[in-house]
Amino acid sequence: MNRKESFGLRTVRKKIIMISKIAGIILIVSYIVSTGLPIDPDISLWIWLCFVTVLVLVLDYLMDRYISKPVSELSRAAHEMAQLDFSSPCKIHTKDELGELGGNLNKMAENLQQTFASLEDANLKLEQDVEQKKRLLDERRELVDHLSHEMKTPLGVIRAYAEGLQDERDEEKRQRYTEVIITETERMSRLITTLLDLSALENGAALLRPERFDFVAFLEIVAGRLLLDTPEADFVLQYELPEHPVYVSADKSRMEQVLDNLIVNAKRNVHPGGILKLSLEENEGKLDFSIFNQGPPIPQESLSKIWTKFYRDRNSRYSGSGLGLAIVAQILSMQDLSYGAANQPEGVVFYFSIPSIE
C-alpha cells in the first residue's frame with residue numbers, strides 16, 4: 001500500500017472513522033467555544049444545542065450518501081439480478097468497497113447475460129437440430145413407404161416372368177420374358193435414382209451451382225434432342241424463340257432436368273397429330289418459357305396437386321410416376337422462379353419465368 005492510499009478515503013471504514021473523528025472534534029470545540037462566550041449560560045447552551053442539531057443533520061446526510069444509499073442501490077441491483085433482470089445495472093461510482101462491489105455486480109450481470117444468450121442460442125440450435133432430425137426421419141419413413149409401394153408392381157411382374165421363364169421351353173417366349181424382366185428392372189432403377197435425387201434436393205444435400213449461359217441456344221439443344229428426328233413422333237411441332245442470345249444465371253444441369261421433364265410430359269400427353277408448341281418470350285427483364293400441348297385438360301382440383309411427388313389421379317394423364325413434375329417444382333422453387341400449369345381451350349400449358357442478365 002503506498003502513501004497516497006494509506007491517507008486517502010478509499011474504504012468505507014476509513015470514511016466512517018474520519019467522519020466520526022471530525023464530528024467529535026467539532027463537538028468538543030463547539031462546546032468549549034459556546035461555554036466561553038461572554039453571554040448568559042442558558043443562551044450559550046441553546047446555541048450549542050442548535051449547533052449540535054446542525055452537526056447531526058450533516059452527519060446524517062454524509063452517512064446516507066456514503067453508506068445508506070449505496071447499500072440500498074446494491075440491494076436493489078442484487079434483487080433484480082436474482083430475478084434475472086439485467087436491464088438496470090448498479091449505479092454506484094464511489095472509489096471504495098461499495099463501488100467495487102457494485103462494479104463486480106455489473107460485471108457478473110454482464111457475464112450472466114452473455115451466458116444466457118449463449119444458452120438460448122445453443123437451445124435454439126438444439127431445437128433446430130432435433131427438428132431437422134425429426135424431419136429427416138419422417139422423410140426417410142416416407143421414402144421407404146413410397147419405395148415399397150412403387151416396387152410392388154415391377155417386382156410382381158419380374159417374379160411372374162421369372163417363374164414363367166423357368167418352365168418355358170419356347171425360345172421366342174423366353175426371349176420375350178427376358179426383355180420384360182430387363183425393362184422392369186430398368187424401370188425400378190430409374191425410379192430409385194429419381195426418388196433419391198428428389199430427396200437430396202428437398203433436404204439440401206444437393207446444392208445448386210449457377211452459371212451464366214445462353215438460354216435460347218440451351219433450349220434449342222434440349223428440345224432438338226427430345227423432339228426432332230424421333231420416329232415415333234405423332235405431333236406438329238411449333239416454336240417461337242428469340243433470334244438473338246438471351247443470357248441467364250442458373251444451374252444449367254438442373255434446368256436441363258426441368259426442360260426434359262416438361263417436354264417429355266407434353267410429348268406424352270399430346271393428342272395424335274396435335275400441336276406441341278414451345279415458346280420463349282422476353283418480358284421486362286425476364287424470359288417466359290411455356291410449352292403447350294393439344295390434349296386432355298387437367299381436372300381443376302388437380303392443378304395444384306400435380307407438382308406433389310407420387311400424386312396420381314386416375315382421371316388425369318399428367319401424373320405419370322409422380323416424380324417428374326415434383327422435381328421440376330423443387331428445382332424451380334430452390335431458384336425462386338415462378339411456375340405453373342393451366343388449362344387452355346384446346347389443351348394444357350406448363351410455364352415458368354427466369355430473369356435474364358447481360
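To the nearest 0.5 angstrom, N123 atom CG is 11.5 Å from F116 atom CZ. In this structure, CG on L207 lies 9.5 Å from CG on L201, to the nearest 0.5 angstrom. From L259, atom CG reaches atom CD1 of I331 across 10.0 Å, with rounding to the nearest 0.5 Å. Note that CD of E184 and CG of L155 are 9.0 Å apart. Values are rounded to the nearest 0.5 Å. L226 contributes atom CG, which lies 10.5 Å from atom CG of L276 (distance to the nearest 0.5 angstrom). L208 contributes atom CG, which lies 15.5 Å from atom NZ of K252 (distance to the nearest 0.5 angstrom).
For the 3.5 Å distance criterion, the side chains of D288 and S290 fail to qualify, holding no donor opposite an acceptor.
Residue pairs meeting the ring pair (Phe, Tyr, Trp, His ring centres under 6.0 Å) criterion with at least one partner in residues 176-195, sequence neighbours excluded, are Y161-Y177.
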field: Trace of the side-chain contact (heavy atoms from CB on, under 4.5 Å) decision for L198 with Q330
entry: CA-CA 8 Å; L198 178 57; Q330 183 65 31; 4.0 Å; yes
message: Could you walk me through whether F235 and I275 satisfy the side-chain contact (heavy atoms from CB on, under 4.5 Å) test, starting with their C-alpha distance in whole Å, then the side-chain angles of each, then the deciding distance to 0.1 Å, before giving a yes or no?
response: CA-CA 6 Å; F235 55 84; I275 295 175; over 6 Å; no
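Closest approach of S356 to V246, counting heavy atoms only: CB-CG1, 3.8 Å.
With respect to L227, the side-chain contact (heavy atoms from CB on, under 4.5 Å) criterion is satisfied by exactly one of V222, L278, V264: L278.
Between K286 and E281 there is no salt bridge, since no side-chain N of the basic residue sits under 4.0 Å from a carboxylate O of the acidic one. For E256 and R225, the salt-bridge test passes: some basic side-chain N is under 4.0 Å from an acidic carboxylate O. A salt bridge links R254 with D197: the distance from a Lys NZ or Arg NE/NH1/NH2 to an Asp or Glu carboxylate oxygen falls below 4.0 Å. The existence of a salt bridge linking E163 and R159 is confirmed by a sub-4.0 Å separation between a basic side-chain nitrogen and an acidic carboxylate oxygen. Under a 4.0 Å N-O distance rule, the pair D129/K125 qualifies as a salt bridge.
A heavy-atom distance below 4.5 Å is not found between the side chains of Y339 and V328. Here the side chains of L280 and F215 are in contact, with some heavy-atom distance below 4.5 Å. In this structure the side chain of I327 reaches within 4.5 angstrom of the side chain of Q257, judged on heavy atoms. Side-chain atoms of Y351 and I291, non-hydrogen and from C-beta on, never get closer than 4.5 Å to each other.
The backbone N or O of D251 sits less than 3.5 Å from a side-chain atom of Q335, completing a donor-acceptor pair. S189 places no side-chain N or O within donor-acceptor distance of the main-chain N or O of T185, the cut-off being under 3.5 Å. With N343 contributing its side chain and I298 its backbone, the two residues share a donor-acceptor pair below 3.5 Å.
Counted within 6.0 Å of CD on E211, heavy atoms from surrounding residues, nucleotides or ligands total more than 12; the atom is thus considered enclosed. Heavy-atom neighbours of K267 NZ from other residues, nucleotides or ligands within 6.0 Å: above the threshold of 12.
When hydrophobic clusters are built by joining Ile, Leu, Val, Met, Phe, Trp and Tyr residues whose side-chain heavy atoms come closer than 4.5 Å, directly or via intermediates, Y247 is not grouped with I221. V348 and Y239 end up in the same hydrophobic cluster when Ile, Leu, Val, Met, Phe, Trp and Tyr side chains are linked at under 4.5 Å.
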